[in-house]
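Note that ligands are numbered from 1 as they come in the structure, with each ligand's atoms numbered from 1 the same way.
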Amino acid sequence: TAASAAPVELRFPKDFRWGCATAAYQIEGAVKEDGRGPTNWDVFSHTPGKVVGGDTGDIATDSYHRYAEDTQLLKNLGVSTYRMSLAWSRIFPEGRGKPNQKGVDHYNKVIDNLLANGIDPYVTMFHWDYPAALPGGWQNRDTAKAFADYAGYMAGQISDRVKNIMTVNELRCFTDLSHKVGIHAPGLKLPDAEVNQVRHHGVVAHGLAVQAIRAHAKAGTQVGIADNTVFYVPVMETDDHVAAAKKATREMNAMFLTAIMEGRYIDEYLTQEGANAPKVQPGDMEAIASPLDFLALNIYAPEWVRADDSPRGYATIPHIPSSPHMASPWLIVGPEVAYWGVRQVSELWKPKVLYISENGASADDPLQNGRVDDADRVMYLRNYVSQFHRAVAEGYPLKGYFLWSLLDNFEWADGYSKRFGIHYVDFKTQRRIPKLSAAWYKEVIRQNRVV
Ligand code: PNW
């Protein structure tokens, strides 16, 4: 007899929120307009040898001028939300002092345009571009205070319309990639003690900003962080490996999310760092642990881990050349990280509300006969979204998903050589062309299920 095939549909809850994400320096351009001050990334990208091809964000996708066109791309997709960031140096060109009204006006126009089109903006206060005038950048503790003042000020300006605010994007990137690995602005390779201090300033900045936003924002404003927690995926789904992976995730993020959620640096981290551990001032840990309304995760590549009988109980498994990856070599494909990330933070810290603030992929994106058939990106996205669906179906509090990115943009040290968009951008004409992945995402949203 013929099998009666009843397809299992991976449907999301009715109120699940679909969106796209971008960041100011990666899309805006207009770096000298309306009083914007120079940033760390302007300096870095204009330093020969720092960015592939000598690319800069001077023009990027010109979204400072084309924001209304970008809103129409979002509207055509059918998203209900859009995650964007504000450029600190448009508001405070020198990092502090007197606000620049033209910068505030610009973001008011962008926000109003989104709302007029039925799209709810989620705003990140800091996505890596800070005013170059701030002495010492994140090496200087005063930057944390300046950041909180800026974040509080802008929360006061926008929270009548913006209901969800994120403090910073990806602590690990703007601390470690910028001050330890040296591939992001300002391009430093500092010794361990100084790196740990920069990390500490990062989490303090987040905490002080939470307090400042709450002090200035309209009651009810939801405050969170967009973190790229490193998630450890158990090599197999058995109790011992599952427990080992959760322990690894908690310990390996000790300087970032674990500190924020637990209000202290755990012993494993302090012991490991010894004399290089960060210098903490009274009140710092209380600020860092400021309660959050939601937690947002940027989830891309997995780490793999297995249980073992070492004292800590786990061994990480390095990526090897045969690990499948997308166009960026670091972007290992491991869709299960989407499920385990949501499950692990839920079990470890019980956040009330979770979002995926970024997930997406770089691909080669050949433009042929006016089309970009990025079937590889569609495959990547379908697999990750299916794993997020599993987390939702099991009851974890995941409420929304922001796809990185709405359009190809300035991919940091990779310049324009790596494309993450679901809209192709011709950087000569600034023409936007929806890729196959945009058609796929539109259908996911329309049917509210994996297609
Ligand atoms: C994120 N890694 O960065 C950022 O938030 C975006 O601005 C960026 O464009 C996007 O992901 C794609 O790269 C990351 O090396 C950069 O693991 C590097 C890593 C992870 C995230």
Side-chain angles (χ1 to χ4, degrees), residues 19-28 39-41 44-45 51-52 55 57 60-61 63 82-87 122-130 166-185 187 202 206 224-233 249 252-253 256-257 296-304 316 318-319 323 325-334 337-338 341 355-363 365 377 380-381 384 401-423 425 437:
C20 289
T22 62
Y25 188 71
Q26 296 181 271
I27 65 164
E28 285 181 353
T39 69
N40 58 329
W41 270 96
F44 189 75
S45 66
V51 175
V52 172
D55 292 343
T61 60
S63 292
Y82 175 54
R83 173 173 178 244
M84 55 182 274
S85 82
L86 309 185
Y122 282 53
V123 167
T124 309
M125 291 292 181
F126 176 69
H127 198 126
W128 307 355
D129 48 333
Y130 63 76
M166 297 171 219
T167 55
V168 302
N169 179 69
E170 299 200 341
L171 286 157
R172 194 179 292 269
C173 285
F174 78 81
T175 58
D176 289 21
L177 288 188
S178 298
H179 302 85
K180 179 183 163 81
V181 190
I183 59 170
H184 281 186
H206 155 75
I225 185 174
D227 191 49
N228 63 328
T229 318
V230 179
F231 287 115
Y232 288 82
V233 174
T249 292
M252 297 297 200
N253 294 283
F256 302 121
L257 193 62
L297 304 167
N298 295 357
I299 297 188
Y300 291 91
E303 295 296 330
W304 289 305
T316 57
H319 295 137
S323 304
H325 61 82
M326 299 300 287
S328 309
W330 60 267
L331 190 37
I332 306 293
V333 179
V337 70
Y355 292 104
I356 300 308
S357 35
E358 288 180 28
N359 169 244
S362 50
D365 291 334
R377 182 180 284 105
Y380 171 101
L381 292 169
Y384 275 72
Y401 171 90
F402 294 87
L403 196 160
W404 184 274
S405 183
L406 174 64
L407 68 184
D408 296 336
N409 57 48
F410 178 78
E411 176 55 15
W412 306 112
D414 287 325
Y416 301 101
S417 72
K418 292 286 181 283
R419 296 175 177 272
F420 273 83
I422 57 172
H423 293 90
V425 176
S437 53

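Here the heavy atom of the protein found nearest to atom 3 (O) of ligand 1 is Glu170 OE1, 3.1 Å. Nearest non-hydrogen protein atom to atom 2 (N) of ligand 1 is Trp330 CE3, 3.5 Å. The protein heavy atom nearest to atom 13 (O) of ligand 1 is Glu411 OE2, 2.6 Å. Nearest to atom 10 (C) of ligand 1 among the protein's heavy atoms is Tyr300 OH, 3.4 Å. Given atom 4 (C) of ligand 1, the protein heavy atom at minimum distance is Glu358 OE1, 3.4 Å.
Of all the atoms in ligand 1, the ones that sit under 4.0 Å from a non-hydrogen atom of Trp412 are 6 (C), 7 (O), 8 (C), 9 (O). Taking a cut-off of under 4.0 Å to the non-hydrogen atoms of His127, the atoms of ligand 1 that pass are 4 (C), 5 (O), 6 (C), 7 (O). For ligand 1, the atoms closer than 4.0 angstrom to any heavy atom of Asn298 are 5 (O). Atoms of ligand 1 lying under 4.0 Å from any heavy atom of Asn169, numbered from 1 in the order shown and given with element: 5 (O).
In this structure the side chain of Lys418 never reaches within 4.5 angstrom of the side chain of Leu331, judged on heavy atoms. By the 4.5 Å heavy-atom criterion applied to side chains, Tyr380 and Ser437 are not counted as neighbours. The side-chain heavy atoms of Gln26 and Phe420, taken from C-beta on, include no pair separated by under 4.5 Å.
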>> Run Glu170 and Asp227 through side chain to side chain contact (heavy atoms under 4.5 Å, CB included) and show every step you take.
In response: CA-CA 4 Å; Glu170 299 200 341; Asp227 191 49; 5.7 Å; no

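Side chain of Asn359 to main chain of Ile299: a donor-acceptor pair is present (N/O by atom type, distance under 3.5 Å, no hydrogens or angles).
For Lys418, the closest heavy-atom approach to ligand 1 does not fall below 4.0 Å.
The proximity of Leu331 to ligand 1, defined as any non-hydrogen pair under 4.0 Å, does not occur for either the backbone or the side chain. Residue-level proximity to ligand 1 for Asn409 is absent, since no heavy atom of it falls below 4.0 angstrom.
Using the six-membered ring where Trp is involved, Trp412 and His127 have ring planes that are parallel, under 30° apart on the 30 and 60° scheme.
Phe410 is linked by a ring-ring contact (aromatic ring centres under 6.0 Å, His included) to Tyr25, Tyr416, counting only residues two or more places apart in sequence or in another chain.
The ring of Tyr130 has its center no closer than 6.0 angstrom to the ring center of Phe174.
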